[in-house]
Participant: 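Structure in structure tokens, see below.
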Amino acid sequence: MITKCPICDGTGKKIVGYKTCPVCEGTGYIDEFSPKKHMKRVSKRATYDLDYGEIPCPKCKGEGKIPIYGKCDFCGGSGKVVKCDRCGAIIGKYPDFKDRTLCDKCLKEEEERKKGLRNVYIFDEVATFHDVEPGKFYKGVVTRIEKYGAFINLNEKVRGLLRPRDMVSLRLENLKVGDEIIVQAIDVRPDKREIDFRYIPLSTYDLVQYEKEVELYKIKDIVEKLVEMRDQVVRVIGEVVQIVQTPGPTIFTITDGTDFTWVAALEIAGLRAHPEVKVGDIIEVVGRVNIRDGRLQIERLKLKKLEGEEAERIKKEIEKEIDKRAEPYNVEFLVKSEVLEKLRPKMLDVAKRIRKAVLDGRPIIIRHHADTDGYSGGLALEKAILPIIDKFAIDVDAIWHFFKRRPSKAPFYELEDVTKDLVFSIEDSLKFGQKLPLIVLIDNGSTDEDIPAISKAKAYGIEVIVIDHHYPGEVKDGKAEIDDYVDAHVNPYLVGGDSNLTAGVLGTEIARMINKDVEEEIKHLPGIAVVADHAKGEEVENYIKIALDRLTELSQKYGKKRKYTREYLEKIGLCMDFEAFYSRFMDGKGIVDDILATNIKDFGRHEDLIEILYEQAMKMVERQMKAVIPALKTRELENKIILNTLDVEKYAHKFTFPPPGKTTGFAHDYIVQKYGEDKPILTLSYGPDFAVVRATDAVHEKYNFNLNLIVEQLMEEIPEASIDGGGHECAGSLKFVEGYRDRVINRFIEIIEKLTPKVDL
């Protein structure tokens with residue numbers, strides 16, 4: 001293509017210098033001019049002197065100099081250049097390059113294209129219709145024969161038609177399904193997924209393996225454009241978090257830190273594909289985007305396990321991405337509390353660990369004490385965690401497969417509990433390819449009684465978190481003995497607090513850090529928990545007020561339009577304990593939500609259920625108290641402590657509600673009502689191999705009473721009794737060998753008798 005020179009604009013010359021204008025002698029202006037040249041109807045001879053004003057020189061246009069021209073080097077003075085017919089690049093000057101039509105680059109590409117006609121390409125499984133180029137030869141397989149032609153597959157997904165009219169020296173009847181054939185693409189319509197082939201016999205050719213470079217995608221980017229990217233071939237790299245063998249393909253669940261995806265790999269139906277790949281491995285997958293159950297699934301074309309430094313580098317990148325997304329919400333607490341503010345870093349750490357477990361594809365097991373406080377804390381965490389699992393996990397049933405909340409009868413993590421958790425978790429890992437879980441202990445886990453069970457879980461590399469308000473023993477530099485065994489520990493005692501900020505309080509505040517959107521569902525739970533656990537303090541009263549205001553608001557909007565008082569919170573606590581007794585090791589899902597009023601729009605059902613359960617529970621309590629009160633032995637010790645003892649083995653109904661712990665509480669409350677809450681009152685009930693203790697705050701405040709310290713003293717003095725136990729300062733239990741019961745009980749009473757008050761009473 002010949003066109004004008006872009007440098008000289010087709011003139012063939014360029015400016016090489018300047019000289020002084022001979023008309024104005026370099027001034028750029030003239031002193032006189034001919035009006036006839038500038039004005040109509042003026043005499044030709046007329047001239048005017050211009051003493052004032054300046055008229056530009058007509059020769060140099062006011063520059064004072066005029067250019068000197070030479071030949072344009074770019075076009076050689078011809079004013080023309082030659083351009084490439086294909087890309088438009090300038091080849092050279094005219095006429096030297098008048099016979100050239102292509103530039104060097106396009107000429108090389110054309111030569112390679114012509115040479116490529118002798119190459120026969122073999123497609124891999126990644127290639128698509130968009131990779132087929134007209135004019136090139138391909139090796140395919142005959143997959144179907146019709147009257148109008150034969151269908152030729154280049155790979156499993158790319159297929160075209162060879163019509164009889166496009167065959168040379170070949171007849172359709174000579175072809176059969178399964179034949180390998182070399183064809184030339186003559187028309188490619190990728191949008192319609194159509195190709196027209198032509199058969200030309202080749203005597204000599206080179207087979208070339210076509211391997212397509214596939215773009216690496218973040219899983220999140222594919223999910224965001226899932227519909228428009230369907231059927232596209234993509235490449236992703238991620239960590240395997242679950243492997244499930246279905247009756248058909250093997251399903252790998254992987255994450256790259258931005259999101260999750262399924263990878264379906266089929267070798268033989270029901271046979272495990274890629275047995276070398278395990279949970280936790282880093283894999284590179286090339287496959288087609290598909291949609292299954294509304295979620296992303298990649299149909300594997302290639303899968304490779306990465307190892308060594310590359311795998312470690314990618315794993316760190318995934319960890320970094322997950323860590324960033326796991327950041328919790330640093331919300332304000334529902335009430336002002338110095339203790340909670342000191343605990344904030346530990347609470348944020350726990351919230352982040354829980355969020356990270358969800359994003360990392362790990363199941364979560366919540367273990368809580370089977371009382372109102374434990375259920376309140378456990379349910380608050382459940383309400384925060386489940387929406388996050390549902391949002392981020394790819395499994396549509398993930399909230400059932402990746403989360404368990406289980407109550408524990410004992411106020412500590414028993415070996416029986418951890419055994420169940422380990423057995424079910426290992427089975428799930430073997431059957432469903434899940435990772436081992438994160439275990440969250442709430443309203444238990446802080447004492448030395450928890451160490452054996454926690455140690456057993458840690459032997460399997462399981463992360464364990466404790467959220468508790470029980471006395472953890474001696475605290476040094478903000479750490480208790482249990483901190484050597486767990487990954488994170490939240491307990492008011494670690495920052496100088498006490499048990500009045502209960503598990504329900506801690507669980508709810510941490511739940512808000514995990515998921516700030518659940519506040520309206522759970523903000524009343526701390527008020528219920530502190531009343532049920534007989535907690536005291538300014539923060540406690542503020543939580544109670546929040547609970548009463550919220551429950552009254554819900555009643556006005558969804559229920560019987562009542563205004564509730566503290567007595568209603570006590571009713572809820574009793575109903576929860578009543579239901580927990582009969583649900584035993586079940587989580588009580590649904591019923592617990594209704595009792596604790598977290599099903600907001602079903603608040604009317606909550607009110608009905610509380611009335612029914614409270615009436616049933618009180619009938620059983622009254623029946624128990626009729627047997628207990630006459631058998632309760634009360635005496636005032638010399639140190640002014642009012643001591644009550646009760647043999648619950650002989651004088652209480654067994655295996656029914658209320659159990660020994662609640663029975664002791666009701667008997668204690670009966671004496672407190674009789675003498676007054678400000679009196680130092682201690683109630684001790686006992687059975688064959690256990691004892692339950694309840695005491696008023698006056699005993700703790702005036703006599704430095706701490707049940708946990710007394711239990712430690714008894715363990716040292718009577719080691720043969722195998723004593724263990726504890727709890728709060730004024731409420732707890734202890735166990736011992738049945739044959740030493742009298743010795744343990746008598747020694748306990750002796751210690752109480754020897755307590756001395758801080759001041760004269």
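Just so it is clear, the structure is predicted and the values come from calculations on it, not from any experiment.
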Participant: Check the surroundings of atom OH in Tyr651: do more than 12 heavy atoms from other residues, nucleotides or ligands lie under 6.0 Å from it?
Facilitator: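 For Tyr651, atom OH is not crowded (no more than 12 foreign heavy atoms under 6.0 Å).
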
Participant: Does the ring-ring contact (aromatic ring centres under 6.0 Å, His included) test come out yes or no for His728 and Tyr471, once each step is laid out?
Facilitator: CA-CA 6 Å; His728 303 301; Tyr471 180 66; over 10 Å; no

Participant: Taking C-beta and beyond as the side chain, do Val699 and Ile681 meet within less than 4.5 Å on heavy atoms?
Facilitator: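 In short, these two side chains do not touch, never coming nearer than 4.5 Å.
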
Participant: When you look at CD of Glu677, are more than 12 heavy atoms from neighbouring residues, nucleotides or ligands closer to it than 6.0 Å?
Facilitator: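 12 or below, so no.
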
Participant: Just wondering, more than 12 heavy atoms not from Glu341 lying within 6.0 Å of its CD?
Facilitator: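 Above 12, so yes.
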
Participant: For Tyr564 and Tyr568, take the angle between the two ring planes, folded into 0 to 90°, and tell me which bin it lands in: parallel under 30, tilted 30 to 60, perpendicular over 60.
Facilitator: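 Tyr564 vs Tyr568 ring planes: parallel.
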
Participant: Scan Lys346, Arg353, Lys352 and name whichever one has a side-chain hydrogen bond (donor to acceptor under 3.5 Å, both in side chains) with Asp349.
Facilitator: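 It is Arg353; the other options fail the test.
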
Participant: Assess whether atom CD of Glu638 is packed by more than 12 heavy atoms of other residues, nucleotides or ligands within 6.0 Å.
Facilitator: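 Not more than 12 within 6.0 Å, no.
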
Participant: Taking atom NZ of Lys589 as the centre, does the number of heavy atoms from other residues, nucleotides or ligands within less than 6.0 Å exceed 12?
Facilitator: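 It does: Lys589 NZ has more than 12 such atoms within range.
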
Participant: Out of curiosity, Ile671 CD1 to Thr634 OG1, how far, rounded to the nearest 0.5 Å?
Facilitator: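 Nearest 0.5 Å value for the CD1-OG1 distance: 4.0 Å.
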
Participant: Does one side chain, of Glu521 or Thr598, offer a donor that lies under 3.5 Å from an acceptor on the other?
Facilitator: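 Not at all, the side chains of Glu521 and Thr598 share no donor-acceptor pair under 3.5 Å.
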
Participant: Is Leu548 close to Lys545 at the side-chain level, that is, under 4.5 Å between some pair of heavy atoms?
Facilitator: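 No, their side chains stay 4.5 Å or more apart.
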
Participant: Please say whether more than 12 non-hydrogen atoms of neighbouring residues, nucleotides or ligands are located less than 6.0 Å from CD in Glu611.
Facilitator: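 For Glu611, atom CD is crowded (more than 12 foreign heavy atoms under 6.0 Å).
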
Participant: Counting only heavy atoms from other residues, nucleotides and ligands, does the tally under 6.0 Å from NZ of Lys679 exceed 12?
Facilitator: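 Incorrect, the count does not exceed 12.
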
Participant: Distance alone, cut at 3.5 Å: any donor-acceptor contact between the side chains of Asp450 and Thr447?
Facilitator: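 Checked: Asp450/Thr447 side chains pair up, N/O donor to acceptor below 3.5 Å.
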
Participant: Judged by modelled atom types alone, do Thr502 and Asp533 share a side-chain donor-acceptor pair under 3.5 Å?
Facilitator: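 The answer is no; no qualifying pair exists.
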
Participant: With the threshold set at 4.0 Å, does a side-chain nitrogen-carboxylate oxygen contact exist between Lys560 and Asp608?
Facilitator: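 A salt bridge is present here (some side-chain N lies under 4.0 Å from a carboxylate O).
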
Participant: How about OH on Tyr670, more than 12 heavy atoms from neighbouring residues, nucleotides or ligands closer than 6.0 Å, or not?
Facilitator: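 Check fails, neighbour count at 12 or below.
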
